[in-house]
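Below is one structure, written out as structure tokens; the observations come after it.
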Amino acid sequence: MALEKMSILIDSDLKKDFINCVLRHYDNAEEGILDLIKIYIEKANSSPAQAEIKAKVRETVFEGDKGSGLNSREIEKIMLNKTDEEIEANRLA
């Protein structure tokens, strides 16, 4: 692993507040910042974002499964050996 120096320009108040937050949980600010970077990368690479989860829930739960499964009419035709006309006649009766 090659080590590289990373520097950014940041507002002094934001830097001060961030360092104070890091030091509440870590003894060393540099160690804490590196740990936070690693956590962020792990999270970004391994778990879906909240928007992706919401989209998947909307797609599968609210819109239903669009898979190639049989619908109720096809199941009725297979299980009861009925035609479309017989199924429709039973529903109208």
How far apart are the closest heavy atoms of Gly32 and Val22, and which atoms are they?
->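 That would be CA-CG1, 3.8 Å.
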Do any pairs count as a side chain to side chain donor-acceptor pair (under 3.5 Å) and have a residue in residues 3-20, sequence neighbours left out, and if so which ones?
->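 Residue pairs with at least one partner in residues 3-20: there are none.
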Please, which pairs that meet side chain to side chain donor-acceptor pair (under 3.5 Å) have at least one residue in residues 25-39, sequence neighbours excluded?
->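 Of all non-adjacent pairs touching residues 25-39, those that pass side chain to side chain donor-acceptor pair (under 3.5 Å) are Tyr26-Asp35.
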Spacing of CZ belonging to Phe18 relative to CG belonging to Leu36, to within rounding of 0.5 Å |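 Those atoms lie 5.5 Å apart.
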Report yes or no: do Met6 and Ile33 belong to one cluster of Ile/Leu/Val/Met/Phe/Trp/Tyr joined by side chain heavy-atom distances under 4.5 Å?
->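 In one cluster with Met6: Ile33, yes.
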Shared ILVMFWY cluster between Tyr40 and Ile19, side chains joined below 4.5 angstrom?
->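 Different clusters: Tyr40 never reaches Ile19 through Ile, Leu, Val, Met, Phe, Trp or Tyr contacts under 4.5 Å.
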